[in-house]
Amino acid sequence: MALRSALHWRLCSFPALKYTTGRRNHRLQPQRQLHSNIIEALQAATGTKNVSTATAVREQHGKDVSYHRCRPPDVVVWPQNVEQVSRLARICSENNIPIIPFGTSTGLEGGVLAMKGGVCFDLTKMDKIVELNTVDFDVTVEPGVTRKGLNNYLRGSGLWFPVDPGADASLCGMAATSASGTNAVRYGTMKENVINLEVVLADGRIMYTAGEKRRFRYQRKTSAGYNLTSLFIGSEGTLGIITKATLRLYGIPEAMVSAVCSFPTVQAAIDCTVQILQCGIPIARIEFLDDVMMNACNKYSNLSYTVSSTLFLEFHGTENSMEEQIQTAGPIVGHVGDGNFHCIMIMNPEDEDEGRRVKEFTDRLARRALAMHGTCTGEHGIGLGKRQLLTEEIGAVGMQVMREIKAALDPKNIMNPGKVV
């Protein structure tokens, strides 16, 4: 077992079920022209320079990194604060205009596509780190703050935010999509690391999911009504616009050590992973690559790893705890540690038959996960492409309850329509 320090084992970040290669921008005309009075109202709310109907700008805001074709909004606005978001939302609500929240556009399920036109709320100019509490290990950020930006800001504080989905996504967008990443096996996902959210509802009301300025980092016991924070984590912009997030922070580990372990078969690698977790080793990351992927990584990065099923492991802690963890895991020996399976599908986007066959394969793959009592999406959300699979996962009654919640908070169905439910 070869040991190395720090984080250099991570060869690349692989998105789940991503259809890639050279798709052209599909230029679509807006589905409707908003009345000039509405444009003027939007400009009055946020300033003329923060409203755009330019074709290039709309197309930029009508796509993410998924295979779904561009669906641009009718207009893009850049609010500067929560009060402006509230005013803009009221304008849209009063005129039955769809609202599509927009962050870094790194999603993989078409979450930012404007399926019915409408107004795209680009939140990137709201980029303040509002409050850092080093004693209580938490931080409050606006939606324009990305995970890398936050960790750069935290340098020197001894703290970090460990949820890492690969892309430098916005933290509020990560909450909206219930993002995860390679560190989830130890630190959890966004569900475990969001303490409170400020949300603008469809009608412009501002709410705090755990109460204004509440921070429950060390309050393990609370039974204060429904868990509204969890309701909005993973809602993908269909229930409201997240304008602030209070997040848990962690102490930066004294030491980090990584290991690369090769196995003769996939099953052998999985068996070892299970044993490591059953032994209660507080491992930070466990990543699995099969022989095909190892061969591709060797060729692409000019490496010389053994071409076989391989685990990449990372341990965090003190120098003494590192030695103990390693001694326990050598003999034992997807984000395999937290149950995620990633599969990269390479396809020609101009070949309709190939696209159909790839879609059939990915649906079959997801249904196989469901048949094994798993989930159709580990960390990238439902968005546009997995709504039918979500129905199969949670059942008709569960979907109906979701729709009823959606109808209660968004009776006009203007919040990112056509997604999730």
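Owing to the predicted nature of the structure, the values given are computational and were not obtained by experimental measurement.
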How about [X] and [Y]: do any of their side-chain heavy atoms sit closer than 4.5 Å?
{"X": "T209", "Y": "L231", "value": "no"}
{"X": "N298", "Y": "S304", "value": "no"}
{"X": "Y250", "Y": "R186", "value": "no"}
{"X": "V75", "Y": "I38", "value": "no"}
{"X": "V119", "Y": "L88", "value": "no"}
{"X": "L384", "Y": "R71", "value": "no"}
{"X": "T238", "Y": "V421", "value": "no"}
{"X": "T310", "Y": "Y305", "value": "no"}

Open item on the list: Counting neighbours of CG on N152 that are heavy atoms of other residues, nucleotides or ligands and sit closer than 6.0 Å, is the number greater than 12?
Closed with: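 Yes, because the 6.0 Å sphere around CG of N152 holds more than 12 heavy atoms from other groups.
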
Open item on the list: Just checking R357: does its CZ atom have more than 12 heavy atoms from other residues, nucleotides or ligands closer to it than 6.0 angstrom?
Closed with: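 More than 12 heavy atoms, drawn from other residues, nucleotides or ligands, come within 6.0 Å of this atom.
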
For a quick test of reading the model, state the closest non-hydrogen atom pair linking [X] to [Y] and the distance between them.
{"X": "E354", "Y": "D351", "result": "N-OD1, 3.0 Å"}
{"X": "L159", "Y": "T134", "result": "CD1-CA, 3.9 Å"}
{"X": "L239", "Y": "L201", "result": "O-CD2, 3.9 Å"}
{"X": "A89", "Y": "V200", "result": "CB-CG1, 4.0 Å"}
{"X": "I195", "Y": "T229", "result": "O-OG1, 3.8 Å"}
{"X": "A167", "Y": "R147", "result": "O-NE, 2.9 Å"}

What distance do [X] atom [atom1] and [Y] atom [atom2] have between them, rounded to the nearest 0.5 Å?
{"X": "I405", "Y": "D410", "atom1": "CD1", "atom2": "CG", "result": "13.0 Å"}
{"X": "I242", "Y": "M126", "atom1": "CD1", "atom2": "CE", "result": "11.5 Å"}
{"X": "N193", "Y": "D138", "atom1": "CG", "atom2": "CG", "result": "11.5 Å"}
{"X": "N50", "Y": "Q80", "atom1": "CG", "atom2": "CD", "result": "4.5 Å"}
{"X": "M294", "Y": "L303", "atom1": "CE", "atom2": "CG", "result": "7.5 Å"}
{"X": "K128", "Y": "N81", "atom1": "NZ", "atom2": "CG", "result": "7.5 Å"}

TODO: Give the intermediate values and the outcome of side-chain contact (heavy atoms from CB on, under 4.5 Å) for residues L277 and V185.
DONE: CA-CA 9 Å; L277 297 177; V185 65; 3.8 Å; yes

- [ ] List the steps, then state whether side-chain contact (heavy atoms from CB on, under 4.5 Å) holds for V112 with C120.
- [x] CA-CA 8 Å; V112 299; C120 173; over 6 Å; no

Does the side chain of [X] come under 3.5 Å of the side chain of [Y] through a donor N or O and an acceptor N or O?
{"X": "E109", "Y": "S66", "answer": "no"}
{"X": "S86", "Y": "R90", "answer": "yes"}
{"X": "T189", "Y": "E192", "answer": "yes"}
{"X": "Y187", "Y": "H316", "answer": "yes"}
{"X": "W78", "Y": "D122", "answer": "yes"}
{"X": "T146", "Y": "D168", "answer": "yes"}

Flag, side chain of [X] to backbone of [Y], donor-acceptor distance under 3.5 Å:
{"X": "K116", "Y": "P98", "answer": "no"}
{"X": "K419", "Y": "L113", "answer": "yes"}
{"X": "D291", "Y": "S309", "answer": "no"}
{"X": "T391", "Y": "R387", "answer": "yes"}
{"X": "S105", "Y": "K63", "answer": "yes"}
{"X": "N196", "Y": "G211", "answer": "yes"}
{"X": "K244", "Y": "T140", "answer": "no"}
{"X": "N227", "Y": "S230", "answer": "yes"}
{"X": "R285", "Y": "N183", "answer": "no"}

TODO: Let me know which of E393, E236, Q388 forms a side chain to side chain contact (heavy atoms under 4.5 Å, CB included) with I382.
DONE: E236

Task: Chi angles and distances behind the side-chain contact (heavy atoms from CB on, under 4.5 Å) call for L247, M190 - done: CA-CA 9 Å; L247 308 170; M190 290 302 287; 4.1 Å; yes

TODO: Just say parallel, tilted or perpendicular for the rings of F102 and H61, cut-offs at 30° and 60°.
DONE: tilted

TODO: Please step through side-chain hydrogen bond (donor to acceptor under 3.5 Å, both in side chains) for the pair E198 and T243, ending with a clear verdict.
DONE: CA-CA 5 Å; E198 178 187 79; T243 51; 2.6 Å; yes

Task: N-O pairing of R364 and E360 below 4.0 Å - done: no

TODO: Applying side-chain contact (heavy atoms from CB on, under 4.5 Å), run through K406 and M415 and close with a yes or a no.
DONE: CA-CA 9 Å; K406 164 78 167 168; M415 290 303 309; 3.7 Å; yes

